[in-house]
Visitor: 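Here you go, one structure.
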Amino acid sequence: QQQVKQSPQSLIVQKGGISIINCAYENTAFDYFPWYQQFPGKGPALLIAIRPDVSEKKEGRFTISFNKSAKQFSLHIMDSQPGDSATYFCAAGQTGANNLFFGTGTRLTVIP
Amino acid sequence: NAGVTQTPKFQVLKTGQSMTLQCAQDMNHEYMSWYRQDPGMGLRLIHYSVGAGITDQGEVPNGYNVSRSTTEDFPLRLLSAAPSQTSVYFCASSYSITHPVEPQHFGDGTRLSIL
């Protein structure tokens, strides 16, 4: 059973556009929600993370929006660039726990 | 500072063979883990360790064995390879054992095919 559901599976965006990736979870004990970026042939790298005590976190062009009541969170990439083309994974975990539960990934392609 | 280093990068095995995937980190991290990445499945935790001599099972441990004799190294052993173990394997580490997944530093993976 997938603990974190991610959509869409793939996404094509024009340069300068906004990329939006959505995730949903069921376990209300989760209190740590990171997003990882993965380029081909490389391991995932932490992009940005949020905790449920805030509804939004922004780092440069990347923003996480968090809706605790709906148990959903999303990644917004503003002014998308071809260099953002990668696979993005959302994840969820619990403080102190030894596991992160990953979504199935979204392959983003930004067209010049 | 190399971070997390995984070897080999690619490997092809025959069913029934055994092998060890190597993982080393030079960041003095206490927590280390192994994930497998399969299409449409995301990453799933196989085994983890919170320090030398301490290991535990993750979400999908069957068919795999680990040990942690030093802080730096955390090898993953396939006991008798099966086609279902064809996957990309990632090793990860983090500094804190009280918040072990925040964040995790991943290696570049080992792509394993089992025929």
Side-chain angles (χ1 to χ4, degrees), chain A residues 1-10 21-27 29-53 57 59 62 64 73 75 86-107, chain B residues 2-7 9-10 21 23 25 29-51 54-61 66 68 74 87-111:
Chain A
Q1 182 183 356
Q2 197 73 26
Q3 296 263 3
V4 179
K5 296 181 179 179
Q6 183 172 348
S7 64
Q9 187 174 359
S10 63
I21 305 170
N22 300 299
C23 286
Y25 65 98
E26 287 298 323
N27 189 343
F30 289 153
D31 60 359
Y32 175 68
F33 303 90
W35 284 89
Y36 279 81
Q37 181 188 55
Q38 184 180 29
F39 293 105
K42 297 294 185 180
L46 180 66
L47 188 62
I48 186 173
I50 197 169
R51 292 194 176 278
D53 53 346
K57 183 174 181 180
E59 290 186 3
F62 300 90
I64 300 179
F73 58 110
L75 176 70
T87 299
Y88 293 82
F89 291 93
C90 62
Q94 189 175 349
T95 298
N98 291 296
N99 196 7
L100 268 181
F101 295 94
F102 284 82
T104 52
T106 297
R107 187 168 187 173
Chain B
V4 179
T5 302
Q6 292 185 237
T7 55
K9 294 190 184 303
F10 303 93
L21 280 62
C23 175
Q25 53 90 10
H29 285 175
E30 290 294 335
Y31 177 86
M32 295 186 74
S33 57
W34 277 101
Y35 288 86
R36 60 177 290 172
Q37 183 178 34
D38 301 295
M41 300 288 290
L43 287 89
R44 293 177 293 167
L45 183 66
I46 303 172
H47 285 286
Y48 67 91
S49 168
V50 296
I54 306 170
T55 64
D56 207 344
Q57 296 181 352
E59 193 179 351
V60 288
V66 291
R68 184 101 178 265
F74 190 43
S87 187
V88 183
Y89 291 86
F90 288 99
C91 179
S93 73
S94 69
Y95 175 75
S96 173
I97 59 173
T98 54
H99 300 278
V101 297
E102 308 175 19
Q104 293 196 80
H105 302 266
F106 285 83
D108 286 338
T110 293
R111 284 144 188 85

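A note on names: the letters A, B, ... follow the listed sequences, proteins ahead of strands, and every chain is numbered from 1.
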Visitor: As an exercise, state the distance from CD of Q104(B) to CG of L100(A), rounded to the nearest 0.5 Å.
Guide: 5.0 Å
Visitor: Working to the nearest 0.5 angstrom, can you tell me the gap between L43(B) CG and T104(A) OG1?
Guide: 11.0 Å
Visitor: Heavy atoms only, distances under 4.5 angstrom: which of G93(A), G105(A), P44(A), A49(A) has the most pairs with chain B? Name it, please.
Guide: P44(A)
Visitor: Measuring from atom OH of Y35(B) to atom CZ of F102(A), what distance do you get when rounded to the nearest 0.5 angstrom?
Guide: 5.0 Å
Visitor: Flag the one option from Q37(B), H105(B), E59(B) with the top tally of heavy-atom pairs under 4.5 Å to chain A.
Guide: Q37(B)
Visitor: Might you confirm whether atom CD of E59(A) has over 12 heavy atoms from other residues, nucleotides or ligands at distances under 6.0 Å?
Guide: yes
Visitor: Could you check which of Q6(B), R111(B), R44(B) has the highest count of heavy-atom pairs closer than 4.5 Å to chain A?
Guide: R111(B)
Visitor: For residues N98(A) and Y31(B), determine if any side-chain heavy atom of one lies less than 4.5 Å from a side-chain heavy atom of the other.
Guide: yes
Visitor: Under a 4.5 Å heavy-atom cut-off, does chain A meet the side chain of V4(B), its backbone, both or neither?
Guide: neither
Visitor: Considering only heavy atoms, which portion of P34(A) lies under 4.5 Å from any heavy atom of chain B: side chain, backbone, both, or neither?
Guide: neither
Visitor: Heavy-atom count check: over 12 atoms from other residues, nucleotides or ligands less than 6.0 Å from Y95(B) OH?
Guide: no
Visitor: If I measure from the heavy atoms of chain B, does A97(A) come under 4.5 Å with its side chain, its backbone, both, or neither?
Guide: backbone
Visitor: Kindly compute the distance separating CZ (F106(B)) from CD (Q38(A)), expressed to the nearest 0.5 Å.
Guide: 9.0 Å
Visitor: For R107(A), check side chain to side chain donor-acceptor pair (under 3.5 Å) against everything at least two apart and list the hits.
Guide: none
